[in-house]
Asks: 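The structure is given below, and queries will be raised subsequently.
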Amino acid sequence: MILHELISYDVLRLVWWALLGVLLVGFALTDGFDLGSAMLLPFVGRDDTERRVVINSIGPVWEGNQVWLILGGGAIFAAWPHIYAVSFSGFYLAMFATLVALILRPVGFKFRSKKEDPAWRSRWDWALFVGGFVPALIFGVALGNVLQGVPFRFGDDMRIFYEGSFLGLLNPYALLAGLLSVAMLAMHGAAWLQLKTGGAVAGRARRIGMVAALLTALLYGVAGLLLARFVGGYQITSAIDPLGPSAPLLKTVAVGQGAWFANYAAHPTLWLVPALGVAGALLAALFFTARRELPALLASGLAIAGVIVSVGVSMFPFLLPSSLDPRASMTVWDASSSHLTLFIMLVCTLVFMPIILAYTSWVFSVMRGKVDPDAIRDGRGHAY
């Protein structure tokens with residue numbers, strides 16, 4: 001037997017669907033507090049030292065955290081090439097704006113303290129704010145558009161045509177999802193700052209975090225209600241062949257109100273996933289109020305995981321629905337790479353993922369504890 005046939009094609013497709021979710025959640029949990037802290041920088045830090053405290057809480061770890069974003073993009077490229085082609089071309093301007101904003105982060109870290117001029121440093125502080133706010137907003141907007149369906153189709157020769165526009169992405173439901181993303185990551189960033197800083201900075205982060213946590217629960221509930229009542233979902237109406245070829249046009253798809261909730265109706269225990277999103281946010285608000293630092297961060301992480309996983313559970317088996325031609329919608333079963341490719345990727349993941357997790361754990365262990373303002377004032381430890 002050929003080695004890759006030890007795991008059947010349908011199982012590998014399902015495994016990579018789950019792994020993609022793990023990578024997205026991993027990015028949101030780790031780099032999410034970096035983005036959230038950058039968003040809060042101008043508001044929790046009132047003077048130069050306080051803002052340097054915020055920057056030094058994320059400066060040593062942000063690069064490692066961003067690895068999850070690179071892994072997610074690479075996984076989509078290799079495991080779901082058609083989805084990569086549509087999303088990275090159709091959302092080109094949005095992704096370009098995201099990359100520009102993300103580039104501001106390392107540049108801001110390096111250049112902010114090169115001059116003593118307060119105006120110079122203030123401009124870089126707001127640049128870091130943009131580097132946190134814009135990606136958080138765009139990621140949410142993109143997810144909101146995916147839930148509504150993306151305007152692409154296949155030609156007769158299977159070429160992919162995207163017929164949307166940048167402004168078309170900024171529709172009301174997508175903007176609501178973007179605001180949810182901003183509130184969610186602001187909550188996570190506030191929880192991180194409460195854990196890693198002290199004094200006035202931690203106090204301001206705590207107050208902002210409590211509001212952001214309540215907004216997360218509220219916006220998530222509103223988004224779910226609108227998804228059930230006004231946003232059409234997608235449902236396969238033909239036979240599904242999990243071992244079939246990667247040819248999306250072979251199926252038939254119906255669009256109907258409430259279709260994204262069919263999986264919950266079929267398997268009621270799945271309601272625990274969105275419940276986790278709401279409960280995590282409410283628990284985070286409670287722990288902020290009680291000044292419980294680590295529990296607030298863990299509850300914030302549970303909320304983020306619940307929100308992201310609930311989208312995957314709702315859409316399964318769809319990965320990228322098409323609003324122009326529902327048949328062209330890409331699913332777990334008809335948009336993947338070959339059996340051999342998925343197997344090789346899985347072997348590489350089983351080898352390297354534990355290394356990444358071990359390294360990440362080691363970094364957070366070394367960097368544990370609160371940032372010391374006195375060390376920053378004295379210039380000890382090569383502070384930013």
Asks: Between the side chain of Arg327 and the main-chain N/O of Pro248, is any donor-acceptor distance below 3.5 Å?
Replies: no
Asks: What distance separates Gln148 CD from Tyr234 OH, expressed to the nearest 0.5 Å?
Replies: 9.0 Å
Asks: Quick one: do Trp126 and Leu185 end up in the same hydrophobic cluster if we chain Ile, Leu, Val, Met, Phe, Trp and Tyr together by side-chain heavy atoms under 4.5 Å apart?
Replies: yes
Asks: Output the rest of the hydrophobic cluster of Leu302: all Ile, Leu, Val, Met, Phe, Trp and Tyr residues reachable through side-chain heavy-atom contacts under 4.5 Å, sorted by chain and number.
Replies: Leu276
Asks: I need the Ser329 OG to Leu324 CG distance, nearest 0.5 Å.
Replies: 10.0 Å
Asks: So, the side chain of Ser314 versus the backbone of Ser310: is there a donor-acceptor pair under 3.5 Å, distance only?
Replies: yes
Asks: Do the non-hydrogen side-chain atoms of Leu193 and Ser57 ever get within less than 4.5 Å of each other?
Replies: yes
Asks: With a 4.5 Å limit on heavy-atom distance, are the side chains of Thr331 and Leu319 in contact?
Replies: no
Asks: Which other residues belong to the hydrophobic cluster containing Val22, where Ile, Leu, Val, Met, Phe, Trp and Tyr are joined when side-chain heavy atoms lie under 4.5 Å apart, directly or via other members?
Replies: none
Asks: For residues Leu320 and Phe152, determine if any side-chain heavy atom of one lies less than 4.5 Å from a side-chain heavy atom of the other.
Replies: yes
Asks: Quick check on the hydrophobic clustering: are Met39 and Ile103 connected, directly or via other members, by side-chain heavy-atom contacts under 4.5 Å?
Replies: no
Asks: Ignoring hydrogens and geometry, is there a side-chain-to-backbone donor-acceptor pair from Tyr84 to Ala75 under 3.5 Å?
Replies: no
Asks: Check for a donor-acceptor pair, side chain of Asp31 on one end and backbone N or O of Phe27 on the other, with a separation under 3.5 Å.
Replies: no
Asks: Got Gln66 and Leu102 here, is their nearest side-chain heavy-atom distance under 4.5 Å?
Replies: yes
Asks: Using a cut-off of 6.0 Å, state whether more than 12 heavy atoms not belonging to Phe88 lie near its atom CZ.
Replies: yes
Asks: Side-chain atoms of residues 287-296: list all donor-acceptor pairs with protein atoms under 3.5 Å, sequence neighbours left out, distances to 0.1 Å.
Replies:
| residue | atom | partner | partner atom | Å |
| --- | --- | --- | --- | --- |
| Thr289 | OG1 | Ala285 | O | 2.9 |
| Glu293 | OE1 | Lys370 | NZ | 3.2 |
| Glu293 | OE2 | Lys370 | NZ | 3.1 |

Asks: Closer than 3.5 angstrom, by distance alone: can the side chain of Thr30 be matched with the main-chain N or O of Gly26 as a donor-acceptor pair?
Replies: yes
Asks: Please check if Val141 and Phe230 belong to a single hydrophobic cluster, counting links between Ile, Leu, Val, Met, Phe, Trp and Tyr side chain heavy atoms closer than 4.5 Å.
Replies: yes
Asks: Run the side chain to side chain contact (heavy atoms under 4.5 Å, CB included) check on Leu14 and Trp333 step by step: do they pass?
Replies: CA-CA 8 Å; Leu14 194 59; Trp333 312 122; 4.2 Å; yes
Asks: I need the Leu29 CG to Ile304 CD1 distance, nearest 0.5 Å.
Replies: 5.5 Å
Asks: Please check if Ile7 and Val347 belong to a single hydrophobic cluster, counting links between Ile, Leu, Val, Met, Phe, Trp and Tyr side chain heavy atoms closer than 4.5 Å.
Replies: yes
Asks: Tell me the closest heavy-atom pair linking Ala213 and Ala284, and the distance in Å.
Replies: CB-CB, 4.2 Å
Asks: For a side chain to side chain contact (heavy atoms under 4.5 Å, CB included) check, start with the C-alpha distance between Ile55 and Leu128, then their side-chain angles and the critical distance, and finish with the verdict.
Replies: CA-CA 9 Å; Ile55 291 172; Leu128 289 170; 3.8 Å; yes
Asks: Provide the full list of side-chain hydrogen bond (donor to acceptor under 3.5 Å, both in side chains) pairs with a residue in residues 150-169, sequence neighbours left out, each pair given once.
Replies: Arg153-Glu163
Asks: Check whether any side-chain heavy atom of Leu214 lies under 4.5 Å from a side-chain heavy atom of Leu282, and answer yes or no.
Replies: yes
Asks: Under a plain distance cut-off of 3.5 Å, with no hydrogens placed, do Ser8 and Asp10 share a side-chain donor-acceptor pair?
Replies: yes
Asks: Does one side chain, of Arg368 or Ser365, offer a donor that lies under 3.5 Å from an acceptor on the other?
Replies: yes
Asks: Starting from Leu215, walk the hydrophobic network (Ile, Leu, Val, Met, Phe, Trp, Tyr; side-chain heavy atoms closer than 4.5 Å) and list everyone else you reach, by chain and number.
Replies: Val211
Asks: Hey, does the side chain of Ser238 reach the backbone of Lys251 with a donor-acceptor pair shorter than 3.5 angstrom?
Replies: no
Asks: State, with a plain yes or no, whether a side-chain heavy atom of Asp34 is found less than 4.5 Å away from one of Glu63.
Replies: no
Asks: Just so I know, are the side chains of Leu342 and Ser336 near enough to count as touching, which here means a heavy-atom distance under 4.5 Å?
Replies: yes
Asks: Working to the nearest 0.5 angstrom, can you tell me the gap between Leu99 CG and Leu104 CG?
Replies: 11.0 Å
Asks: Verify side chain to side chain contact (heavy atoms under 4.5 Å, CB included) between Thr349 and Trp16, making sure each step is shown before the conclusion.
Replies: CA-CA 10 Å; Thr349 300; Trp16 271 103; 3.3 Å; yes
Asks: Are Asp325 and Ser322 close enough that a side-chain donor and a side-chain acceptor fall under 3.5 Å?
Replies: no
Asks: Between Phe96 and Phe166, is the gap from one ring center to the other below 6.0 Å?
Replies: no
Asks: Hydrophobic cluster membership, with links at side-chain heavy-atom distances under 4.5 Å among I/L/V/M/F/W/Y: are Leu170 and Leu219 in one?
Replies: yes
Asks: For the residue pair Trp124 and Phe111, does the interplanar ring angle fall in the parallel (under 30°), tilted (30 to 60°) or perpendicular (over 60°) class?
Replies: parallel
Asks: Assess whether atom CH2 of Trp362 is packed by more than 12 heavy atoms of other residues, nucleotides or ligands within 6.0 Å.
Replies: no
Asks: Test Arg112 against Asp48 for salt bridge (charged side-chain N to carboxylate O under 4.0 Å, His left out), laying out the working first.
Replies: CA-CA 11 Å; Arg112 181 192 182 278; Asp48 185 64; 2.8 Å; yes
Asks: Show which side-chain atoms of residues 253-263 pair as donor or acceptor with protein atoms under 3.5 Å away, not counting sequence neighbours.
Replies:
| residue | atom | partner | partner atom | Å |
| --- | --- | --- | --- | --- |
| Gln257 | NE2 | Arg229 | O | 3.1 |
| Trp260 | NE1 | Leu147 | O | 2.8 |
| Asn263 | ND2 | Val313 | O | 2.8 |
| Asn263 | ND2 | Phe316 | O | 2.9 |

Asks: Would you indicate whether the side-chain heavy atoms of Asp334 and Leu250 approach each other to under 4.5 Å?
Replies: no
Asks: What are the two closest non-hydrogen atoms of Ser37 and Trp192, and how far apart are they?
Replies: OG-CD1, 3.5 Å
Asks: Checking His188 against Leu297 for the side chain to side chain contact (heavy atoms under 4.5 Å, CB included) test, could you report, in this order, the C-alpha distance in whole Å, the side-chain angles of both residues, the deciding distance, and whether it holds?
Replies: CA-CA 7 Å; His188 203 45; Leu297 183 63; 3.7 Å; yes
